[in-house]
**Student:** 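Starting off with a structure, shown below.
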2 protein chains.
Amino acid sequence: MANAQPGKPLDLAAIKVACANCNLHNLCLPLGIDTGDIDRLDDIINRKRPLARGEFLFQAGAPFHAIYAIRSGSVKSFTATEDGQEQITGFHLPGELVGLDAISSDTHNCSARALETTSVCEIPYSQLEELSSHVPSLQRQLLRVMSREILQDEHMMMLLGRKAADERLAAMLMSMSHRFKQRGFSPREFHLSMSRNDIGNYLGLAVETVSRLFTRFQEDGLLETERKHVRILDLTRLSVLAGANRISPDE
Amino acid sequence: MANAQPGKPLDLAAIKVACANCNLHNLCLPLGIDTGDIDRLDDIINRKRPLARGEFLFQAGAPFHAIYAIRSGSVKSFTATEDGQEQITGFHLPGELVGLDAISSDTHNCSARALETTSVCEIPYSQLEELSSHVPSLQRQLLRVMSREILQDEHMMMLLGRKAADERLAAMLMSMSHRFKQRGFSPREFHLSMSRNDIGNYLGLAVETVSRLFTRFQEDGLLETERKHVRILDLTRLSVLAGANRISPDE
DNA sequence: GACAAACAATGATGTGCGTCAATAAAGCGG
DNA sequence: CCGCTTTATTGACGCACATCATTGTTTGTC
């Protein structure tokens, strides 16, 4: 959002956004890496033309050769079930990496698609691997990022396995709120780039349930929505709902 | 199972099981690593005394300093929800690594507990990190293992989000079958070390549902069970159930 | 600016699975 | 070997959420 679209086309100097200048670099791979080493990381990264909404970053089945860092915009990644329907496995905001699950198989197992106009950094994996074996702090950060991904997925498994519909939506909204805050945006008021359908799919719920929950949350004074724009009125109550809620009536 | 309990206590030579001799080494970290480098990996690994059923490998909240490879037996890992109940995030068989989700936070976020008598290799993480920065193939394998973990978690998310109860159980049994086969055991007949309760917890189902499904699977001629012993009679049909099942009546 | 397609909201109805309850069977310590 | 606890099975019942159906709203296209 911050460093999108240069004023003039073909102005390469303006397009050139070094990791060192990127205001996401403390959310992304460069975190904790020396300026000198950041430049070397910088050299292997390709900044691609922005993707339009709906465009694929990569598709399942395609050979794996790079991971991607979101620079601006947002992306959903999803796998296809055997019977053809999709299951969304994550929404990705600026500074986050996409494609880490392909490393083990040399093939993309999920597809990634832009939810809005999105620009990304392409990081060729073989070069990243090579570089990280010479830059311990990069190796360290890469392993940390992957570990964090595992942690998040485990959290998601708990959400899908144990939580009721309202808790799932609350948790998802809290996660968004938190991540927007990390990126310098308001934690109480933001724009959801994904459709209700996508939210439902991600949370293992029917679209109708998501819709009904949004209206119920509004009736309860938790938040206000105007289409995809969300304003959270009671962050505390929402976070409680996202966490412990399943209380027996008598305790 | 293979290399457990030495005949005599204090017989250090018998206890000493090098990675190179371990019949799991092509399922574990040593995969694809030169014999020379395996010895170096070997040097940093501690083989601990076997854990009894119910013993903790580590507990959530404990400082992270090592990951663990299962040598024999099996382990469940689980997180506690805010309201105190546990959510099992995985069952681990010999050759598999446990604790990868702790790398990012320096603290164990989940606990791991032996489901039966279990022996493990403790791999101090700082030394592993150090060694892998000098042994590219080790670094490579480590990243692959973590990526595979992410992939599995995504698969699990799909299971919990989109699949019906019978499909979940079928998928879990197929996963076990596959993993036993990889380890040289029969894919059709094996012993489940976890309780029905654990299975239900893992799959996001009530114990009663798991029980009912086992009896229904038996009625349908899919398998036979004798307590925790399972014999799969129709592997094909079970795998179909585990995959595509949700078919509208008319297609 | 008009039309189509995608998206969202809301009500009516059905059902898969959770919850509660009771019994049986198995493991376990003394 | 015997009580005690844990685990497993089975049935009855209810509810949370899916499914189906309808209408309104927004977005994109020519």
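In this text the structure is predicted, and so the values were computed from the model without any measurement. In what follows, every heavy atom counts, from backbone to side chain, and hydrogens, waters and symmetry copies are set aside.
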**Student:** Nearest to the side chain of B/Glu208, which nucleotide is it out of C/dA21, C/dT10, D/dC17?
**Tutor:** C/dA21
**Student:** Count the heavy atoms belonging to other residues, nucleotides or ligands that lie under 6.0 Å from NZ of B/Lys228, then report whether that count exceeds 12.
**Tutor:** yes
**Student:** Below 4.0 angstrom, N of the basic side chain to O of the carboxylate: do B/Glu86 and B/Lys76 qualify?
**Tutor:** yes
**Student:** Where the side chain of A/Arg196 is concerned, which of C/dC17, C/dA9, C/dG18 is the nearest nucleotide?
**Tutor:** C/dA9
**Student:** Would you tell me if any nitrogen or oxygen in the side chain of A/Thr209 comes within less than 4.0 Å of OP1 or OP2 on D/dA18?
**Tutor:** yes
**Student:** Without decimals, in angstroms, what is the distance between A/Glu116 CD and D/dT27 P?
**Tutor:** 14 Å
**Student:** How many Å lie between CZ on B/Arg53 and C1' on C/dC28, as a whole number?
**Tutor:** 11 Å
**Student:** For the residue pair A/Phe58 and A/Phe64, is the inter-centroid distance of their aromatic rings smaller than 6.0 Å?
**Tutor:** no
**Student:** D/dT10, C/dG11, C/dA9: which one has an atom nearest the side-chain heavy atoms of A/Arg212?
**Tutor:** C/dG11
**Student:** It should be established whether B/Thr215 places a side-chain nitrogen or oxygen under 4.0 Å from OP1 or OP2 of nucleotide D/dT10.
**Tutor:** yes
**Student:** B/Lys228 has an atom NZ; how far is it from atom P of C/dA25, in whole Å?
**Tutor:** 18 Å
**Student:** Does A/Gly54 reach a base, just sugar-phosphate, or nothing at all? Heavy atoms under 4.0 Å.
**Tutor:** nothing
**Student:** Among D/dT26, D/dT7, D/dT10, find the nucleotide with the atom closest to the side chain of A/Arg227.
**Tutor:** D/dT26
**Student:** Specify the separation, in whole Å, of atom CE of B/Met194 and atom P of D/dT7.
**Tutor:** 14 Å
**Student:** So that I know where these two stand, are B/Phe91 and B/Tyr202 an aromatic pair - ring centroids less than 6.0 Å apart?
**Tutor:** yes
**Student:** Rounded to whole Å, please give me the gap between CG in B/Leu203 and P in C/dG16.
**Tutor:** 19 Å
**Student:** Tell me the interatomic distance from B/Arg162, atom CZ, to D/dT19, atom P, rounded to whole angstroms.
**Tutor:** 9 Å
**Student:** Could you please name the option among D/dA18, D/dA8, C/dG18 that lies closest to any side-chain atom of A/Ala206?
**Tutor:** D/dA18
**Student:** Tell me which nucleotide among C/dA8, C/dT10, C/dC17 gets nearest to the side chain of B/Ala165.
**Tutor:** C/dC17
**Student:** Check B/Arg53 with B/Glu116, please: is the shortest side-chain N to carboxylate O separation under 4.0 Å?
**Tutor:** no
**Student:** Provide, to the nearest angstrom, the distance between the CZ atom belonging to A/Phe214 and the P atom belonging to D/dT25.
**Tutor:** 19 Å
**Student:** With heavy atoms under 4.0 Å as the rule, sort B/Gly200 into base, sugar-phosphate or nothing.
**Tutor:** nothing
**Student:** Using whole Å, report how far CG of B/Asn197 lies from C1' of D/dT6.
**Tutor:** 10 Å
**Student:** Any base atoms under 4.0 Å from A/Ser195, or only sugar-phosphate, or nothing? Heavy atoms, all strands.
**Tutor:** sugar-phosphate
